[in-house]
There are 2 protein chains.
Amino acid sequence: MPLEIRPSQALRLWRQVHLDLVRDGQADLSARQTAILLTIYLELPPHTVRGLAQQLGVTKPVITRALDTMGKLGLVTRKRDEFDRRNVVIQRTVAGALAVERLADLVTERARELGGG
Amino acid sequence: MPLEIRPSQALRLWRQVHLDLVRDGQADLSARQTAILLTIYLELPPHTVRGLAQQLGVTKPVITRALDTMGKLGLVTRKRDEFDRRNVVIQRTVAGALAVERLADLVTERARELGGG
DNA sequence: CCCGATCGTTACGGGTCCGTATCATTATCG
DNA sequence: CGATAATGATACGGACCCGTAACGATCGGG
């Protein structure tokens, strides 16, 4: 069941949502951070630094730093894996789930408002 | 003619496109820069620093810096307004138009691949 | 038990961005 | 003219991020 959308509609949707994110001020997430956040909340756990780095095609420090920032914002948490103490398991938070949900509603609403152009 | 999309589809689309942008490496645009770029290429000219700042709800230095960066990337150009030399008119470029077009195709393609979930 | 492999983190030098305040240039109007 | 307003750019101190390299902690096989 593919989603029918024309390139011009896609651009207007992309622009409007980014405008909303910038104006709400809640948007200080880079493209990388957004990709990380949504991967954590959409893909099945467990999530590790190494796994995320592989999925995004970036180095591990990039993930570590992004998790630092998002941790300060309360969007994710880290926990040692007790079965292999080298690993760190990234966990979801209530605030993170709410932020993701808000983004989903924002995109959905803006898509609904799109005209035919 | 609204676009029908469910929140879960919106999130998967958002995630997949951001993953593509990160992986392509061509994505070093922040949310603000993306909003600026798409505003320039979707809205009718002329575009000025002040006008963009108002539309985004940010200060003028934010626009100036973003234009500096995007100028280095060849995505936009600045030109003095000859009729009011205080103004600077932001102009589109071939490279910028191509980048916008690529983004449109990317979003469209990823939307097409969405399942019903 | 020890040595190599693996994990996530940190250090480093360099770059970009932020918000506020200030600046030079140009236009406008008395 | 001169004063005021408006525009975009710049300076500043602080924060974040990048890529590379190195690090300490932990596991696992010989």
Side-chain angles (χ1 to χ4, degrees), chain A residues 18-19 21-37 39-40 45-92 99, chain B residues 18-19 21-37 39-40 45-92 99:
Chain A
H18 278 88
L19 272 179
L21 291 175
V22 169
R23 287 202 266 240
D24 289 8
Q26 66 161 12
D28 277 354
L29 293 188
S30 66
R32 288 178 172 186
Q33 290 170 336
T34 301
I36 293 172
L37 185 71
T39 297
I40 293 171
H47 296 288
T48 65
V49 172
R50 173 138 190 94
L52 290 172
Q54 278 182 329
Q55 285 193 63
L56 297 199
V58 298
T59 58
K60 289 187 294 178
V62 168
I63 305 295
T64 293
R65 282 186 294 252
L67 292 180
D68 289 344
T69 301
M70 296 195 288
K72 284 180 195 164
L73 298 175
L75 300 176
V76 295
T77 315
R78 278 181 273 200
K79 200 191 83 178
R80 276 278 159 210
D81 180 353
E82 291 303 329
F83 299 108
D84 184 342
R85 297 188 53 76
R86 289 174 303 182
N87 288 348
V88 163
V89 180
I90 295 107
Q91 297 177 304
R92 304 170 185 173
Chain B
H18 277 88
L19 272 179
L21 290 175
V22 169
R23 286 202 268 240
D24 289 8
Q26 66 160 12
D28 277 355
L29 293 187
S30 67
R32 288 178 171 185
Q33 291 169 336
T34 301
I36 292 171
L37 185 71
T39 297
I40 293 171
H47 297 289
T48 64
V49 172
R50 172 140 190 94
L52 290 172
Q54 278 182 329
Q55 285 192 62
L56 298 197
V58 298
T59 58
K60 289 188 293 178
V62 168
I63 304 295
T64 294
R65 281 186 296 252
L67 293 180
D68 288 344
T69 302
M70 295 195 289
K72 284 181 195 165
L73 298 175
L75 300 177
V76 296
T77 315
R78 277 182 273 200
K79 201 191 85 182
R80 276 278 159 208
D81 181 352
E82 291 302 329
F83 299 109
D84 185 341
R85 297 188 55 77
R86 291 174 303 180
N87 288 348
V88 163
V89 179
I90 294 105
Q91 297 177 303
R92 305 169 185 173

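Letters A, B, ... mirror the listed sequences (proteins, then strands); counts begin at 1.
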(request) Would you check if the side chain of B:Gln54 reaches a backbone N or O of B:Gly51 as a donor-acceptor pair within less than 3.5 Å? (result) no

(request) Please state whether the phosphate of D:dG8, meaning OP1 or OP2, lies under 4.0 angstrom from any side-chain nitrogen or oxygen of B:Thr48. (result) yes

(message) Let's see if you can work this out: which of C:dC7, D:dT26, C:dT9 has an atom nearest to the side-chain heavy atoms of A:Val88?
(response) C:dT9

(message) Output the rounded distance in Å from CG (B:Asn87) to P (C:dT25).
(response) 17 Å

(request) Could you tell me the separation between the CZ atom of B:Arg78 and the CG atom of B:Asn87, rounded to the nearest 0.5 Å? (result) 13.5 Å

(request) Please determine if a side-chain N or O atom of A:Gln33 lies less than 4.0 Å away from the OP1 or OP2 oxygen of D:dC17. (result) yes

(message) Do A:Val76 and A:Gln91 have side chains that approach each other closer than 4.5 Å (heavy atoms only, starting at C-beta)?
(response) no

(message) From CZ of B:Arg80 over to P of C:dT25, roughly how many Å is that when rounded to an integer?
(response) 11 Å

(request) Could you tell me the separation between the CD atom of A:Gln91 and the P atom of C:dG8, rounded to a whole number of Å? (result) 14 Å

(request) Could you state the atom-to-atom distance from CD of B:Glu82 to P of D:dT7 in whole Å? (result) 18 Å

(request) Calculate the interatomic distance between A:Asp81 atom CG and C:dC7 atom C1'; express it in whole Å. (result) 11 Å

(request) Could you work out which one of D:dC17, C:dC7, D:dA9 sits closest to the side chain of A:Arg86? (result) C:dC7

(request) Mind checking the OG1-CG spacing from B:Thr34 to A:Leu21? Nearest 0.5 Å is all I need. (result) 10.0 Å

(message) Could you tell me how far apart B:Leu52 (CG) and D:dT7 (P) are, to the nearest whole angstrom?
(response) 13 Å

(request) Taking the side chain as every heavy atom from C-beta outward, state whether B:Val88 and B:Thr48 have any pair of such atoms under 4.5 Å apart. (result) no

(request) Under 4.0 Å from any atom of DNA chain D, heavy atoms only: list the residues of residues 53-73 of chain B that qualify, in numerical order. (result) B:Lys60, B:Pro61, B:Thr64

(request) Rounded off to whole Å, could you give me the NZ-to-C1' distance for the B:Lys79 and D:dG8 pair? (result) 16 Å

(message) Just N and O in the side chain of B:Arg85: are any of them under 4.0 Å from OP1 or OP2 of C:dT28?
(response) no

(message) Between A:Arg32 and B:Asp84, which residue's closest nucleotide on DNA chain D lies nearer the 5′ terminus?
(response) B:Asp84

(request) Please tell me if the side chains of A:Thr39 and A:Gln55 come closer than 4.5 Å, counting only heavy atoms from C-beta onward. (result) yes

(request) Give the intermediate values and the outcome of side-chain contact (heavy atoms from CB on, under 4.5 Å) for residues A:Leu52 and A:Ile40. (result) CA-CA 9 Å; A:Leu52 290 172; A:Ile40 293 171; 4.2 Å; yes

